[in-house]
There are 2 protein chains.
Amino acid sequence: MTDTARSTTRYGTRPTMKDVAARAGVGLKTVSRVVNGEPGVTPDTERRVQEAITALGFRRNDSARVLRKGRTASIGLVLEDLADPFYGPLNRAVEEVARDHGALLINGSSAEDPEREQELVLALCARRVDGLVIIPAGDDHRYLQPEIAAGVATVFVDRPAGEIDADVVLSDSFGGARDAVAHLIAHGHRRIGFIGDQPRIHTAIERLRGYRTAMAEAGLPVDESWVALGPTAPERVRTAAEAMLSAPEPVTALFSGNNRVTVTVVRVLAGHPRPVALVGFDDFELADLITPGITVVAQDAALLGRTAATLLFRRLEGTDEPPQQRVIPTRLIPRGSGELPPA
Amino acid sequence: MTDTARSTTRYGTRPTMKDVAARAGVGLKTVSRVVNGEPGVTPDTERRVQEAITALGFRRNDSARVLRKGRTASIGLVLEDLADPFYGPLNRAVEEVARDHGALLINGSSAEDPEREQELVLALCARRVDGLVIIPAGDDHRYLQPEIAAGVATVFVDRPAGEIDADVVLSDSFGGARDAVAHLIAHGHRRIGFIGDQPRIHTAIERLRGYRTAMAEAGLPVDESWVALGPTAPERVRTAAEAMLSAPEPVTALFSGNNRVTVTVVRVLAGHPRPVALVGFDDFELADLITPGITVVAQDAALLGRTAATLLFRRLEGTDEPPQQRVIPTRLIPRGSGELPPA
DNA sequence: CGCCGTCTGGACAACGTTGTCAAGAGTGAC
DNA sequence: GTCACTCTTGACAACGTTGTCCAGACGGCG
């Protein structure tokens, strides 16, 4: 093993272009040219450089490259919970689009905590990601103003941004909820409960608005004990559902505000003596195999992600259209649980 | 607005420590000290610097920092499919551990394609992630040798590394599969089918081995038409299942090799005239609400992820223990479908 | 044979940060 | 008043890459 090659084995120290240049007996810039496939290098020189690269196990240091070039070819995705199945397809869709643009995806969970969201977003900005896709936990994003001004493209998904003008991609929560409740009403229900997410979450409010609108359109009164917004923890959802079902005049149907709520409600209803109709917001796997099949309002999470990421890269390519808001329609999928008549 | 402050609004150009220093009327290093909370700065100076930072909207450029310090405080996670619900909790667990260590998580999907896995891993290495958690798609990881030698900590999860000596965290696929099949045998089944993932995937082979072992231990013969390994695409799984169920001597029970297979098998069985027993590898949400409840061998995906990430950071802190292999036990959860008697 | 254009290769600065080191200011003791 | 010491501050190089620019070699043509 030659003297130069010994650096191969020096632990924890990686060879640099300088090392490669020395070993190949060429200049630094020539190595750079070969590594980046730039023209102006004779085949023979190129071969020598390639050999040196292989021998030393050289790999370009992208940190240095980023510093020099200003672009990192990476985008950040901040969502609420990486483990939530609803976000899986969204995450995947964003990754696919990023990949198509040669970018890597950095991601993290805010755990529905505005402070943690901000911390994460700013850490991503410090990394100089080129752009951000954010599922907001907080409702004030003014802290992003300087970053956006500095050129970090930003798209909000699933919920609108707070106090800031930026691109937003939303599901039609209002319309979907209205359809869901209208569906229950069409099957004869008049006392319908709504169990939704925390009221500071935009989608929860929109879905509640859809619920109220459908009831109003049918001329039905809403008893306030039929509405329960709050955390999606199983305990709280169970309590809320049981309260509505055991009231003197119990609800005969339930509309659940998202997939986690639906799952718990399904469990509660499975142990309930009387059949109760149910429509859930968000589709989920095997919803058709439960008896009866669970009727849902399906959101297209993948399309949500794809739209957001596409918008992001359009910004990165330098569009100067004003920020836009895109609304992705939802789709009611009847499977049985929503078609049960009032008991 | 002063002359200096105008740089706040220059689009696409971020202020640097030099700008902050100039505005605060101090030296570059003093700014660095304030930004990093290093001691040795008078309160008064610190205040001036902080003011300048706020006024300019300065945020430290971590790319430059990384270049200088050599550590990126980020780790890479390469898994098979971000949208697969099995990987959600794993992803989340890895992220939590990373967060506890002040590191960010970069991740991507290999789509079960060895070439894409390699491409992704090497891109992460070029970014100089401090470490890697990999769910291998390929079975030859010699390409990682120089990276590991250069100090990139690497832990493989769910499947072992190929041709390379590294930390590995696995579920007990063999034991889980044997338990599952033994469970079916205990309920009187003698003709049991196994539908699993592609044979180049390690877990598929191990589960098949568990299946064969359980059969052999019970002295039962295995007809080769009862074993079907291949892609988990619904079409192929459906075909395989239907073939086994419609043979002259049909199987009376099925063991499905992972959650995607299980889901399709459940659908097939739902449309089947005769009750067929089923045990699936991997738990999934609502498995208890289907009729009958689906008996499964549950893996602890979160524990898998947490163990891997913890091991990774131990390496990063400089342990020089030899690479280890951890096996996470599985747990059989009877829910009904596995306890059906042979028809 | 000399001139010009083209093509290849290399020296050097710059990106924004941090570590090293040294200088200057201030304090206390003799 | 001076010396030794501490505390604060800043100048400078270095991290590994890429862009700019220039030098030298080479070939063709007058």
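A note on names: the letters A, B, ... follow the listed sequences, proteins ahead of strands, and every chain is numbered from 1. Being a predicted model, the structure only gives us computed values, none of them experimental.
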Asker: Starting from the C-alpha separation in whole Å, work towards a yes-or-no answer on salt bridge (Lys or Arg N to Asp or Glu O under 4.0 Å) for Arg99(A) and Glu95(A).
Answerer: CA-CA 6 Å; Arg99(A) 190 178 130 86; Glu95(A) 191 220 350; over 6 Å; no
Asker: Indicate the ring-plane relationship of Phe313(A) and His101(A), choosing parallel, tilted or perpendicular according to the 30° and 60° boundaries.
Answerer: parallel
Asker: Taking CD in Glu321(B) as the centre, count heavy atoms belonging to other residues, nucleotides or ligands within less than 6.0 Å. Is the count above 12?
Answerer: yes
Asker: Quick one: label Val41(A) by what it contacts on the DNA or RNA (base, sugar-phosphate, nothing), any heavy atom closer than 4.0 Å.
Answerer: sugar-phosphate
Asker: Please report, rounded to the nearest Å, how far the C1' atom of dC7(D) is from the CG atom of Asp44(B).
Answerer: 15 Å
Asker: Kindly calculate the angle separating the two end axes of the helix from dC1(C)-dG30(D) to dC30(C)-dG1(D), each obtained from five base pairs, and round it to 10 degrees.
Answerer: 60°
Asker: Which whole-number value in Å describes the distance from Arg47(A) CZ to dG9(C) P?
Answerer: 12 Å
Asker: Using a 3.5 Å distance criterion without hydrogens, assess whether the side chain of Asn36(A) forms a donor-acceptor pair with backbone atoms of Ser32(A).
Answerer: yes
Asker: Using OP1 and OP2 only, check whether a side-chain N or O of Thr42(A) sits under 4.0 Å from dG9(C).
Answerer: yes
Asker: Under 4.0 Å between a side-chain N or O of Thr45(B) and OP1 or OP2 of dT9(D)?
Answerer: yes
Asker: Could you please spell out the steps behind the side-chain contact (heavy atoms from CB on, under 4.5 Å) verdict for Asp84(B) and Ser109(B)?
Answerer: CA-CA 10 Å; Asp84(B) 185 330; Ser109(B) 310; over 6 Å; no
Asker: Would one find more than 12 heavy atoms of other residues, nucleotides or ligands at under 6.0 Å from atom CD of Glu51(B)?
Answerer: yes
Asker: Mind checking if Val66(B) touches a base, just sugar-phosphate, or nothing, with heavy atoms under 4.0 Å?
Answerer: nothing
Asker: Assign a letter to each nucleotide of nucleotides 17-27 of chain C from its 5' end: B, base within under 4.0 Å of a protein heavy atom; S, sugar-phosphate only; -, no contact.
Answerer: BBBB-------
Asker: Without hydrogens or angle criteria, can the side chains of Glu147(B) and Thr154(B) be said to hold a donor-acceptor pair below 3.5 Å?
Answerer: no
Asker: Going by the salt bridge (Lys or Arg N to Asp or Glu O under 4.0 Å) test, which pairs reach into residues 125-136 of chain A, not counting sequence neighbours?
Answerer: Arg127(A)-Asp62(B)
